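Structure first, commentary second.
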Amino acid sequence: MNSVKEGLFCELRKSELFNQVDESTWQMICAHSEFVELEKGQILFCQNDPADAMYVVLFGQLAVTMADEDGSQAVISTVGPLMPVGEIQALTGGHRTAGVYADRQSRLLKFSPAAMECIASDAPDTFEKILTIARQRLRNDQLRELLPNIFGSLDKTELDYIEKNSEWVHLRRGEILCRQCDPGDSLYILVSGRIQAIKEDQDHEKTDLGTIGRGEVFGEMALLTGGVRSATLFARRESDLLKISADVFERLAATHPRAILSIGQTLANRILKSEASPKKSMDQINLAIVGISPDINLSDFSKNLAEKLSGQVRTLRLDSPQVCTIFGLRCIELSKDENPFAVRL
């Protein structure tokens with residue numbers, strides 16, 4: 001290894017992402033990694049390409065793009081030095097959800113699946129940092145997909161403004177977002193998960209107002225009228241929400257008046273739905289099949305059950321081989337709770 005590459009490896013080793021990796025693990029990671037050189041404008045990978053590796057930028061800058069409805073490519077973010085790219089699909093498998101090209105001359109370090117497994121099993125703190133970055137990016141990607149449906153067509157400046165001036169809220173299952181009669185000082189966009197609404201009358205009788213699903217905006221009525229929350233909201237399952245304050249919304253509306261129209265349409269649609277007959281619940285139900293005797297063939301039983309249910313509802317049957325295939329990990333059913341890559345043998 002020449003002195004330039006040694007210097008780059010040393011810088012990467014001292015970075016926040018890898019500064020807790022011990023020497024032996026670091027040597028294993030290096031052995032399963034390779035340098036990638038990109039000239040300005042050169043493509044690293046395209047949207048829908050198979051995902052086969054994670055990359056870390058050593059110097060330079062990458063542009064991340066996604067295809068618009070008309071087929072044109074829109075830059076949604078950039079990736080600078082000592083930051084990973086492509087980590088989501090490298091962890092989950094499948095195909096790239098975005099394209100990446102060099103915004104300027106860049107040098108990257110490519111991490112093979114073997115390097116990723118080494119990080120996960122021998123450097124769990126580093127792996128957790130990568131997972132945190134992946135969750136943040138996935139959440140932002142989901143948000144950018146949802147925002148045009150809520151506010152109409154937005155340019156990059158407006159998208160960046162919403163992301164930078166809004167607040168992310170994470171709720172665990174059962175955690176309360178707001179209570180009835182709380183001040184209505186913000187609206188929310190549910191990016192993932194499910195929220196339950198409960199209204200209580202003067203006699204303390206509770207009415208189930210239904211659930212709020214992914215991509216829905218709520219809290220807009222109290223925000224627009226300056227009133228209070230009309231119901232108590234809590235998470236039916238683990239959920240991520242974007243909280244937009246009244247001040248941020250007002251500034252957005254001043255430069256993007258269509259936002260007011262879109263929110264008004266959302267409010268009108270919700271009123272119309274409340275007046276219509278209740279719709280059939282579409283809540284997801286998860287069933288775990290556990291045998292009470294070793295003589296029971298769980299595989300055949302669960303297969304037959306899934307076949308019967310699939311005639312009435314959409315059904316997905318997961319067993320160990322299928323989960324291993326999805327995540328590309330062997331013997332995942334034997335993995336430790338604290339580290340899914342460390343198999344109990």
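Worth knowing before you read on, the calculation uses all heavy atoms, side chains too, and leaves out hydrogens, waters and symmetry mates. None of these values were measured; they are calculated from a predicted model.
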Which value, rounded to the nearest 0.5 Å, describes the distance between L305 atom CG and K308 atom NZ? 10.0 Å
Closer than 3.5 angstrom, by distance alone: can the side chain of D203 be matched with the main-chain N or O of E205 as a donor-acceptor pair? no
To the closest 0.5 Å, what do you measure between CD1 (I133) and CE (M54)? 8.5 Å
Give the minimum heavy-atom separation between S112 and H32, together with the two atoms involved. OG-O, 3.0 Å
Could you tell me which residues satisfy side chain to side chain donor-acceptor pair (under 3.5 Å) with R251, sequence neighbours excluded, listed by chain and number? Y161
Any donor-acceptor pair under 3.5 Å from S192 side chain to S239 backbone: no
Just verifying a value: how many Å separate L233 CG and I212 CD1, rounded to the nearest 0.5 Å? 5.0 Å
When Ile, Leu, Val, Met, Phe, Trp and Tyr are grouped by side-chain heavy atoms lying under 4.5 Å apart, directly or through other members, which residues fall in the same group as Y101? I43, V75
Exercise: identify the closest heavy-atom pair between S15 and L12: OG-O, 2.6 Å
Among residues at least two apart in sequence or on other chains, which ones pass side chain to side chain donor-acceptor pair (under 3.5 Å) with D300? N297
Shortest non-hydrogen separation from N140 to E163 and the atoms involved: O-OE2, 4.3 Å
Considering only NZ, NE, NH1 and NH2 on the basic side and carboxylate oxygens on the acidic side, decide whether E128 and R135 come within less than 4.0 Å. yes
Nearest 0.5 Å please: distance from the CG atom of L190 over to the CG atom of L242. 10.5 Å
Closest non-hydrogen contact found for D208 with G210 is OD1-N, 2.8 Å
Partner set under salt bridge (charged side-chain N to carboxylate O under 4.0 Å, His left out) for R104, not counting sequence neighbours: none
Do D122 side-chain atoms and I119 backbone N/O form a donor-acceptor pair below 3.5 Å? no
Quick one: salt bridge (charged side-chain N to carboxylate O under 4.0 Å, His left out) partners of E250, sequence neighbours excluded? none
Please determine whether salt bridge (charged side-chain N to carboxylate O under 4.0 Å, His left out) holds for the pair E37 and R107, giving the CA-CA distance in whole Å, both sets of side-chain angles, and the decisive distance to 0.1 Å. CA-CA 5 Å; E37 306 281 349; R107 175 175 284 175; 2.3 Å; yes
Within the side chain of S33, is there an N or O that forms a donor-acceptor pair under 3.5 Å with the backbone of L109? no
Heavy-atom closest pair (K129 atom, N19 atom, distance to 0.1 Å) is NZ-OD1, 3.2 Å
Are the side chain of T25 and the backbone N or O of V21 linked by a donor-acceptor pair below 3.5 Å? no
Strictly by salt bridge (charged side-chain N to carboxylate O under 4.0 Å, His left out), give each pair with a member in residues 38-63 just once, sequence neighbours left out. D52-R96
Pair R317 + E307: basic N to acidic O under 4.0 Å: no
The remaining residues in the hydrophobic cluster of F234, counting side-chain heavy-atom contacts under 4.5 Å among Ile, Leu, Val, Met, Phe, Trp and Tyr, are I176, I198
Should F111 and F18 be marked as a ring pair (Phe, Tyr, Trp, His ring centres under 6.0 Å) after you check the CA-CA gap, both sets of side-chain angles, and the distance that decides it? CA-CA 13 Å; F111 290 79; F18 291 100; 5.7 Å; yes
Please, which pairs that meet ring pair (Phe, Tyr, Trp, His ring centres under 6.0 Å) have at least one residue in residues 177-212, sequence neighbours excluded? Y188-F218
Salt bridge (charged side-chain N to carboxylate O under 4.0 Å, His left out) with E175: which residues, sequence neighbours excluded? none
Report whether L209 and V228 are members of the same hydrophobic cluster (ILVMFWY, side-chain heavy atoms less than 4.5 Å apart, transitive linking). no
With sequence neighbours excluded, tell me which residues meet ring pair (Phe, Tyr, Trp, His ring centres under 6.0 Å) with Y55. none
Give a yes or no on whether L17 and M28 share a hydrophobic cluster (residues Ile, Leu, Val, Met, Phe, Trp, Tyr; joining criterion: side-chain heavy atoms under 4.5 Å apart). no
Output all residues satisfying side chain to side chain donor-acceptor pair (under 3.5 Å) with Q61, sequence neighbours left out; order by chain, then residue number. D103
Can you name the residues that form a salt bridge (charged side-chain N to carboxylate O under 4.0 Å, His left out) with R214, not counting sequence neighbours? E145
Within one Ile-Leu-Val-Met-Phe-Trp-Tyr cluster: I130 and M83, side-chain cutoff 4.5 Å: yes
Would you call N48 and T97 a side-chain contact if the rule is heavy atoms closer than 4.5 Å? no
